[in-house]
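The structure appears right after this line, and notes come after that.
Indexing begins at 1, ligand by ligand and atom by atom, following the structure's order. Here the structure is a predicted model, which means the values were calculated and not measured.
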Amino acid sequence: MNADGRTRLNQTPEWTALAKHHEEFADTHLRDLFAANPGRGSGYTLQVGDLFIDYSKHLVTDETLRLLRELAAATDVFGLRDAMFRGEKINTTENRAVLHTALRAPRDAVVEVDGENVVPGVHAVLDKMADFAERVRSGEWTGHTGRRIRNVVNVGIGGSDLGPAMAYEVLRAFTDRELTVRFVSNVDGADLHEATRDLDPAETLFIIASKTFTTIETVTNATSARTWLLDALGDEAAVAKHFVALSTNAEKVAEFGIDTANMFEFWDWVGGRYSYDSAIGLSLMIAIGPDRFREMLDGFRIVDEHFRTAPAESNVPLLLGLLGIWYGNFHDAQSHAVLPYSHYLSKFTAYLQQLDMESNGKYVGRDGRAVEWQTGPVVWGTPGTNGQHAYYQLIHQGTKLIPADFIGFAEPVAELSDELKAQHDLLMANFFAQTQALAFGKTPEEVRAEGVPDELVAHKTFKGNHPTTTILARELTPSVLGQLVALYEHKVFVQGAVWNIDSFDQWGVELGKVLAKRVEPALTEGAEVPGLDASTTSLVAKYRELRGR
Ligand code: F6P
């Protein structure tokens, strides 16, 4: 029994039923499942918004899906979902509401936190962002010397970087190509150096994005950016025209020297990794314009509404979350690949890494006890077709089970030349071929029938039975991006709910931060760090020697 009165997940009858089902399932091949059910290809599909979801190539039957839904019911996933949408403080270790869904709520919606409707505040900030974005885009907002802003540099890390940086890449075809937009996150000075070395300070706007405004990487880079600007413009007053802040912490913003009139606010009920449709998206809004940004929010909302209202049988985030549980908890899969067949989605998986791994990389349950089941997977992947010539070998013929999501689009982006558009069918032929090969493989008989010599038959055999989800949309638009992100947000939610962990804190990143602060004086001044372990002490000594200190 859990401290919260719930039966331990792995002791529930629903869990036991799934474990038994898994044993019975062991020798089933996707080839058999398709042979047994000719309607499977079209039957195991769902639609949410513009996203067509094919889950036919999963190691599941109707019975598996029923048992998984029973597990979701037993763990009250929908109860926690409703509590989230209602603004209850489901982030229990930080005593916070979890309301990224309020960031895309319509103007007339009412979502209360501590008795206060937060929606008017959300729209007030969106309107302020839109006004500012338009002024930068039109040239009305100028730099200190009166020159037009041509460069926008977002300085932030984690959730204050990955979301806008990813979305900027995804929506490049919708951006103002006259603007240079860059993202600096790493405390390695090389990041800021490379981002600014060819920019004119008089034409550069820095957006300092930090929920807490205490993150050492961001404050350090922001300070260096200010020095870079003031070295060129020579007047402290220039900061007001070249720096704006996105934060929940007005006091720290003012302390840094940014006028709070130039601050775009968000709230403690927005988690960092769930924040890019808040003020954290300002750089993106400047790049694509407020209308496109609002289209993206509309896309988020489509999936929010679907997740909130669709029955379990057709609820896509629920399905995707449960499929991950089937593989992670019953098939011992350790990782999950996300493989977009769109070059514009090159940063999508990196974004999902924080969303998923910072949310569900936990071994302590909501009740404070260690879990006895696997939680979040390692999420990884890069766009196809590049990965096909790198690591797909391991997915096809390695010893690990790696469930994968394939994301593709029917149309290439409109601005490509006709010749480049014509390449799209080849891209998508690969997209479809890969999931086919992964599912069905190639039998030894098929290999032999091709005249392959006996000694090579095993090498050229593909066992198949590798599960994939195919996510297909007509085209990549701001709305579709919003739909995709919301889909993964809610999938991660479902899994955290089943595993009974708090998906909204991130205590696991704290220790490294504290230790870095302690070790830094040892590097710079050779200071003694009390209690420093022998390995790190000797590494620090080596570092100092290499630096000639
Ligand atoms: O890595 C920990 C973390 O707190 C993330 O959750 C967050 O997105 C990131 O640091 C940046 O934090 P902030 O926006 O407060 O600078």
Numbered atoms of ligand 1 (with element) below 4.0 Å of S210, judged on heavy atoms: 13 (P), 14 (O), 15 (O), 16 (O)
Selected option - heavy-atom contact closest to atom 16 (O) of ligand 1, from T215, I157, L162: T215
Where ligand 1 meets S160 - atom numbers and elements under 4.0 angstrom, heavy-atom basis: 13 (P), 14 (O)
Test log, rule salt bridge (charged side-chain N to carboxylate O under 4.0 Å, His left out), inputs D356 and R273: CA-CA 9 Å; D356 200 324; R273 52 194 173 273; over 6 Å; no
Atom 4 (O) of ligand 1: the protein heavy-atom neighbour that sits closest, reported with distance to 0.1 Å: K513 NZ, 4.1 Å
Distance flag, aromatic centroids of W228 and F206, threshold under 6.0 Å: yes
F493 and Y274 aromatic centres sub-6.0 Å: no
Closest approach of any protein heavy atom to atom 15 (O) of ligand 1, naming residue and atom: T212 OG1, 2.6 Å
Non-hydrogen side-chain atoms of L484 and F348 separated by less than 4.5 Å: yes
Which residue and heavy atom of the protein sit nearest atom 2 (C) of ligand 1, plus the separation: V509 CG2, 3.4 Å
Per atom 5 (C) of ligand 1, closest listed option by heavy atom (Q506, R273, E358): E358
Close aromatic pair by centroid cut-off 6.0 Å: Y168 and Y344: no
Ring center gap for F264 and F132 short of 6.0 angstrom: yes
Minimum non-hydrogen distance to atom 7 (C) of ligand 1, winning option of S185, G159, S359: G159
Option from T382, T469, L352, L345 for which side-chain contact (heavy atoms from CB on, under 4.5 Å) with V338 holds: L352
Sub-4.0 Å heavy-atom contact, E217 with ligand 1: no
